Structures are given as structure tokens and as C-alpha cells.
Amino acid sequence: MATSFPLERVRNIGFIAHIDAGKTTITERVLYFTGRTYKIGEVDTGTAVMDWMPQERERGITITAAATVCFWRDYHINIIDTPGHVDFTAEVERSLRVLDGGVVIFDAVAGVQPQTETVWRQADRYRVPRICFVNKMDRTGADFFRTVDMIAHRLKARPVPVQIPIGAESAFRGMVDLIEEKAYIYESDDPRPPVEVPIPEDLRETARQWRERLIERVAETDDTLLAKYLEGVPLPKEEIYHALRRATLSYTLVPVLCGSALRNKGIQPLLDAVLAYLPSPLDMPPVQGTDPRTGEKVERLPQADQPLCALAFKVMSDPYIGRLVYFRVYSGVAKSGAVVYNASKGLRERFGRVVRMHAQHREEVDTLEAGHIGAAIGLKNTFTGDTLCDESAPIILEPPRFPEPVLSVSVEPRTKADQEHLDNALRRLSEEDPTFKVRYDPETGETLISGMGELHLEVLVDRMRREFGVQARVGRPKVSYRETISQPVRVEGRFIRQTGGRGQYGHVWLEVEPLPRGSGVQFENRIVGGVVPKEFIPAVEQGVREALENGVLGGYPVVDVKVALVDGSYHPVDSSDMAFKVAGSMAMREALKRGAPVLLEPIMALEVVTPSEYLGDVLADLNARRAQVQSLEGQGDTQIIRALVPLAETFGYATVLRSLTQGRASYSLQFHHYQEAPDAIAQKVLVRA
């Protein structure tokens, strides 16, 4: 069984990229060439194994991260194929949290695209070593070397090509391996191995220059190699491989390969590069967490004889088997039927069955050892980000962090009978997706669902209809505004109730100040001398945070404030958690009124790629949308516009852009930051609210 593979022969990798760069197409080829599937699935025809949801097959895009297992040259490779659309960025976030290495896919024509920058930053944050694959070398306009330059300049990385292409566009037929000094030619588009040939005469000088550059870059990372290089001693291939592997694992260099997945070119060398340069679980530092009993830092080694430590990173609702929880085992062994401890919730759980996933198919296994990724059936109270461990050695790992949703719509059942089904569907979908939020607005009586964009919400509503049989009416999209204060205030909250029996007494002083954008909400306890007993502090914080859920301007959530509890008083008999919670809430409401509250609107980063002849019309339309153009960049007859634009101004932009450019322009949009809305806009929004 696969678990018998030694850990140094295990790879946990993910394919990450901008939408339509070819991640799923590459994954399908990998599964075919490794013998995992007997037939190549295609995204365009809806037969891709990894795009198994009906919504994915209809739209031709990946929506949910799909996991699978394959074997290549006696190595065990766990693969996660992630979405490229910005609306589903949470899937990339949680996948990178548990992966050891990443393969970043680039479109050879478009180069570095906006979502590529986002996933690159996510991989930086989780310290994931990566290699690059320049795909679609057969397309008109493909340029390998321009893409390598873009990786260096836009991603601030140090790319080192280990291959260069033989030909480009329709003439692309193979690649030169710079380390081995060999050329590989694909004689057709059929899924056959390449033929090894001498380096073509017209490419020898180019290959020599790029090999020299590769050796120079690699030698710079290793003192022993550098000494040999400076002395003019030829470097053995094995030493180049080892040094490049070390440089990749230390995030110093990024190997770059090329190919055309759709034409079945470059997949085998890519698999070899995954084994050669990306880490095994043993190459990664021991996982670190917190002991919930002491608050001290603890770590676990990736060994089967250590106590169990696993991180749940994804929850799926299966209509036939119920909840399916994906997890990565960092230490110990996950056993089918075993009782485990959910340290994040402080509850015992049972692994009903442990399975390996192949897209939506499950393969039951008895055990899953350290370093592997799998899923479990039967975990009722485990959610994304929870740590499962041995109760005698508890540990809590850092959960993945998710962006806040920026778009809301109202949803209501078509009939009274649908209400219960709707509530159940919303609950299960929000369990699966941390960026999908559900809240009830008591003033309007509406149920509001929030997500990362129009496509995100459209897919969720479609899933409610198909998977849960809920027919719901959906309102127009609404922007998720936020509120904050613009000046510091000091406020008092006093809650005193005297009845015949025991009364209620809570009294606090808060100092509230605005924070820079993106800071969130911070609560600080500055009580000295016990004027507010420490057992009541959590109640004060709870009251403050509840008050921040609805601001005083339009009832929007309040962000970017720091709240310090600085003073107060208590009664030895009448004080209680409830009294201090109410006092904290009253003080916070007063602070929001007196702190010069302002409305914040979400600002999106927009990138438009348009033929030059339409540039003037596109810019004029963006100016009318309150956009701030950040840069203009020309590539041949194409112009790339980067701008910041309020989300409220982007509804319907796809249709307008198509009509302005006769359907020849494309755009991508992703959340950038919140900023204060102009007075005129704020007044309009608040009148509607």
C-alpha cells in the first residue's frame, strides 16, 4: 500500500496559477502518464477527472480544490489541483497551508497575470518552495524568455531556466535540458515519450549561454561550487542537481520548465523536476503549534512513532455519506475507527473511516501516516482549521487565514416549506466554505449571504438548487461596506440594575482609537490593580465585539479599531459576566457615535488587457467609474491597464467592456483594500441602508 513508501519518497504538491493557465489540463496529463487514469480527461469537453462538480464542467473552470494520489518512478505524489479564479482564492489558501511544494503554471502568452501574483504571495506567506512551468508554448504569441523576465520583475523571484524551448508557437516541438545538455523532441501530439536527440545546431550557442547562466546562479548559492566555478573546474551534474535542490528548498532560486500540456509535451520532465527539486515532508521544518494547556510552543516531527497531529483544511458535504473532512497528518498515524481529540474545540471525535481521495472518489485505507493527505468520514464537530491530535499530547496548529467576503445578496425561500431546507443548505455550505458568510438582518427580515464575488455567489446558489433541492429567490448584489471611527475617544459604560433580589453591576472605561486599514479589531486589557476582576475581562471583550458587528451609520460591521479596557469598578455581590458584557457593549456603542464614524467601501484591483485601438474608450469608461489608474503597459499591439476601482462601480462591467472593444478585451478583478467612501457616495449608500 502507498503508506509503505519511505517519507523521503513522498511529495505533497499543488498546481497553482491564474485562471485558464492550464492547471487542470496538466493534472489530467500527470494522472494519465503516471498510470492513474487510462484516458486523458479534457476541460473543454467536460471530461476532466479533477473537475468533477457539474458547475465546473459546465463553466470549464476549477471551483473546488481536488486532491488525488499518483506514483512516478517509485515516488508517492499527493496532488491538489487548485482553482485559479479570484472568487475561489480560499481554496488556494487552505491548500497551500498543508502542502510542502508548489508548481506554479504560467501562460506563455500572458506571462505573469494578476491571480498569479496573489498565489505567489500566498505561497510566500506559507513558505512553500516552488518550481515554475511555462505552459501553452504552442500558442500564437508564446514567449518563454519574456515570461521568465516577468517572473523576475513582477514576482521579485530569481528564476533559473533548467530547460529552454525548441521552437515556439506552432513550431514548438520540444526542449533542451540545460543540466543534462540533451534535447528532447516530441514527434507528434500523441501522449508518447519524447525522443532524445543532440541539441539542434541553431540552438547550441543559446543553450550554452543559458547553461552558463544556470551554473553561475547555482554556484552563487554554494561556497564549494563557487570555488570550483571560479577556478574553471567543470561542475559534475550531480552537484548541480543537489545545489539547485537546496537553493529551491531555501527559496533562493526557482527552477523554470516549459511545455504544452494540451499537446502532451513537457509533462514527464515536469514530474522528474517535482521529484528532483520539491521537498519531501522530511525536508520541511518540524510543524510548530501551541500546547492549549500551557500556551507554550511545541513541535512535532514527521514520524509515525510521534503522537498524532493533523490539521483539517477542508470540509465537504457529500449527499450520500455526509461530512467529509480533508486533513494533513503531520505526525503519528491516523487510524480508521480511532478516537482522536479536537484540540481546537476541546472535544473527542472518532475517525469513522479514513480514505484517500481521487477527485470525488474515495479509497478506504486502514491508516494514514505522517506526511500524507487524506480524508475522514464521521467527524461531526471538526471544521476547517481545527487540529486533531492525541489527547495525551494536545497541540493546536495555526489555521489557514481567509479573506473577508466583499459582496452580499439577499436570499429567501420560494415557499414556506423551503425555509427549513434553505437553512440546512446555508449551514452546510458555510461549513464547507470559510469565505461564505450567512447573517440575518433583523431590521429588514432578510437572510443575507456574502461571498468573494458574483461568480462565487452564483455557484453557491446553483449548488443550493442542485444538491439540496432548494428553490430560492435571490436579490441584487450588494456591496459589503464597513464602518470605522476617525478619531480616538474615551468612553464610559455603566450597567446597574437593582431589583428585589440580587442586582446587576458592571462598569468600564474604554479608550478606542482608529487603526490603519486592514488591521481588523484589536482588544487590549490595560486594567491594573484589579479594579475589574480578570474573570470579567472576557465578558467585556465579548460585549465590545458584539457591538462592533453593527455600526451606527448603516449597521455595517466595524473594522480597524483598537479597544483598550483601561478602568472600571465592580460590586462584590452584584457584578456578573452578563453585567460586564452589557457595560462593554454600551461603552462601545457610545464610542462609535462619538468617534466621528465613517463609511468604508471595498476597492478592487482591476487589470484590463485590451487592443491598443480601444485604449481611449476603456480609460474614459474607467474614469467614469471612479477608477484610479495605477499603470499602463504596452506589449506589442496590446495595452495592459492596472487600476483601483470601487467594487460598487464594477457591476455589469463585463458587458460594457465587451461592447466597448467588440469582445476583444478581457479583465480580472480582485479585492485590494477598504478605503473611506467620498461623502456624496456615503450619503447615497446610507439613505438606501
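It should be emphasised that the depicted structure is a prediction, and the values quoted were computed from it without experimental measurement.
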ask   = If you draw the axis of the six-membered ring of Trp120, does the NZ or CZ of Arg125 fall within 45° of it and under 6.0 Å from the ring centre?
value = no

query = Does a side-chain heavy-atom distance below 4.5 Å link Leu278 with Val103?
reply = yes

query = Counting only N and O atoms by type, is there a donor-acceptor contact under 3.5 Å from the side chain of Arg11 to the main-chain atoms of Glu8?
reply = yes

ask   = Any Lys/Arg nitrogen of Arg427 or Asp423 sitting under 4.0 Å from an Asp/Glu carboxylate oxygen of the other?
value = no

remark   = For Asp390, the salt bridge (charged side-chain N to carboxylate O under 4.0 Å, His left out) test, sequence neighbours excluded, returns none

request  = Would you kindly check if the NZ (Lys) or CZ (Arg) of Arg300 is within the cone defined by 45 degrees around the ring axis of Tyr330 and under 6.0 Å from the six-membered ring centre?
outcome  = no

task = Measure up the Phe580 and Phe536 rings against each other and bin them: parallel (under 30°), tilted (30 to 60°), perpendicular (over 60°).
result = parallel

query = So with a 6.0 Å cut-off around NZ of Lys380, is the heavy-atom count from everything else above 12?
reply = no

request  = Taking only Lys NZ, Arg NE, NH1 and NH2, and the carboxylate oxygens of Asp or Glu, determine whether Arg545 and Glu541 approach each other closer than 4.0 Å.
outcome  = yes

key: Arg414 atom CZ, neighbour heavy-atom count above 12 within 6.0 Å   = yes

key: Note: Arg328-Asp100 ion pair, threshold 4.0 Å (strictly below)   = yes

query = Counting only heavy atoms not in Lys335, do more than 12 sit closer than 6.0 Å to its NZ atom?
reply = no

